[in-house]
There are 2 protein chains.
Amino acid sequence: MSSQHSDTRTQILQATWQLMEQHLGQPIKMGDVAKAVGISRQAVYLHFKSRTELMIATSNYVDEIKGLNERLNIYKKATTGVERLEACVEVWGHYIPEIYGLAKALLATRDTDEATAAAWNNNMHCLRDLCQEIVETLKQEGLLNSAWSPEEATEIFWTMMSIHHWEQLTVECAWSNQQYIDKMTVMLKKMLIK
Amino acid sequence: MSSQHSDTRTQILQATWQLMEQHLGQPIKMGDVAKAVGISRQAVYLHFKSRTELMIATSNYVDEIKGLNERLNIYKKATTGVERLEACVEVWGHYIPEIYGLAKALLATRDTDEATAAAWNNNMHCLRDLCQEIVETLKQEGLLNSAWSPEEATEIFWTMMSIHHWEQLTVECAWSNQQYIDKMTVMLKKMLIK
DNA sequence: ACTGGGATTGACACTATGTCAAGTCAACAT
DNA sequence: ATGTTGACTTGACATAGTGTCAATCCCAGT
């Protein structure tokens, strides 16, 4: 509980996150984390009993710092479905680039590591709930495109907002982030709204 | 050049592919491949000098067997842009599940292995060209939604058709493959066509 | 009967994770 | 001042996987 303890722990988390952002998907090594902090590899294991645990702790740490929750203040001001949709894309669109490294790192282990996959899914289900809420609002306003059931609409919305989708458009197709936000808003409106 | 040589080689490729389909993204081990074929681990290295080379060779092997080219016979019959779009989604939608394991395996190494990434990108750029062709056709027919430049339309189309998109809708959201094809067709028409 | 190529066996180097034991060092207690 | 506690170090080890090497085996074609 000493400040030293939590200091080192925080330094490790900070370094891990930084390495994730730098390496963008390439697996980070425990030794590299230790070197970055300036401690021995074994010291890392004093704070996190495995690589998996470190990854998950890093995810939680980033959540704490960059958490979506506060961001949703913008969102909460919106009342109509359309406004909410716009706010959601805006908030999420600005959020992704800040957590892209972390997201890639967690997604990379998805198929081999149940636990980190779960940590990531947890984040994504928050987004999904938001999508669902917006779809519900649109439905109540009678604006939901009748081609989809509310469930389908939610799933389409959610899928369109995925990190992979963002990655392909910005990284592969070299869209700017603003372009992503603008075009995604137009696309979603076209698809979901009557 | 003896039939034995190419026999074993083919068996290795076959086994690798099979393991990829079974493991869905989990990295496959050289030892497992060897075991599956019934040869020693070292024998695999007589045919493929590294794991990377084996992965790429497997990709080419699958291409040979399941190649998109022949599938596009359906596509070639279509003349109008809308028909082509429909045919494209149909062909691609049936193709993905057959190569999903391979795709996951190659995508999984994307960030750590330049060479396998290139092999996969190669495949994806074929699809991209097709998307572009369809967008051009639509444009010539005056049907392309004026919200997008032809380039943007191509990139949106291409991104919507990505494996990750398919994966999220079918694996995460439990859509049937037919549902994917049907809904994707509707979505793309809504988005791309005036 | 000989040779060459596919395959085997077993050893090795290397890298990364994770565990263990022994010891250092500083802060804080009595 | 002494002793204890807790964070950290050092160095060794087990394990698992990739990739290399050398020696050997065995069979098919000349």
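These values consider heavy atoms only, across backbone and side chains, with no hydrogens, waters or symmetry-generated copies. As the structure is a computational prediction, the values presented were derived from the model and not from experiment.
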#### Entry: Distance-only donor-acceptor test (3.5 Å): side chain A:Arg41, base C:dG18
yes
### Query
Any donor-acceptor pair under 3.5 Å joining the side chain of A:Gln42 to the base of C:dT19?
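By the distance-only test, yes, there is a pair.
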### Query
What does the inter-axis angle of the helix from C:dA1-D:dT30 to C:dT30-D:dA1 come out as, five pairs per end, nearest 10 degrees?
10°
### Message
I'd like to check the side chain to side chain contact (heavy atoms under 4.5 Å, CB included) partners of B:Glu152; sequence neighbours left out, ordered by chain and number.
### Response
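Partners of B:Glu152 under the side chain to side chain contact (heavy atoms under 4.5 Å, CB included) test: A:Trp175, A:Gln179, A:Lys183, B:Trp148, B:Ser149.
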### Task
Please determine, by modelled atom types, if A:Tyr100 and A:Glu21 share a side-chain donor-acceptor pair under 3.5 angstrom.
no
### Task
Answer yes if the side chains of A:Gln14 and A:Tyr61 hold a donor-acceptor pair under 3.5 Å, and no otherwise.
yes
### Task
Output yes when at least one side-chain N/O atom of B:His47 is less than 4.0 Å from OP1 or OP2 of C:dG6, else no.
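Looking at the OP1 and OP2 atoms of C:dG6, neither is under 4.0 Å from any side-chain N or O of B:His47.
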### Query
Between B:Thr8 and C:dA7, is there a side-chain N or O to OP1/OP2 distance below 4.0 Å?
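B:Thr8 to C:dA7 OP1/OP2: side-chain N or O found under 4.0 Å.
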### Query
When you check the gap from the basic side-chain N to the acidic O, do B:Arg128 and A:Glu172 get nearer than 4.0 Å?
no
### Task
Assess the pair A:Trp158 and A:His125: is the distance between their ring centroids shorter than 6.0 Å?
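Close enough - the centres of the two rings lie under 6.0 Å apart.
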### Query
Does the ring centre of B:His165 sit less than 6.0 Å away from the ring centre of A:His165?
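Ring centres of B:His165 and A:His165 closer than 6.0 Å.
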### Message
Please give me every residue in residues 15-39 of chain B whose heavy atoms get under 4.0 Å of an atom in DNA chain D, ordered by residue number.
### Response
B:Ile28, B:Lys29, B:Met30
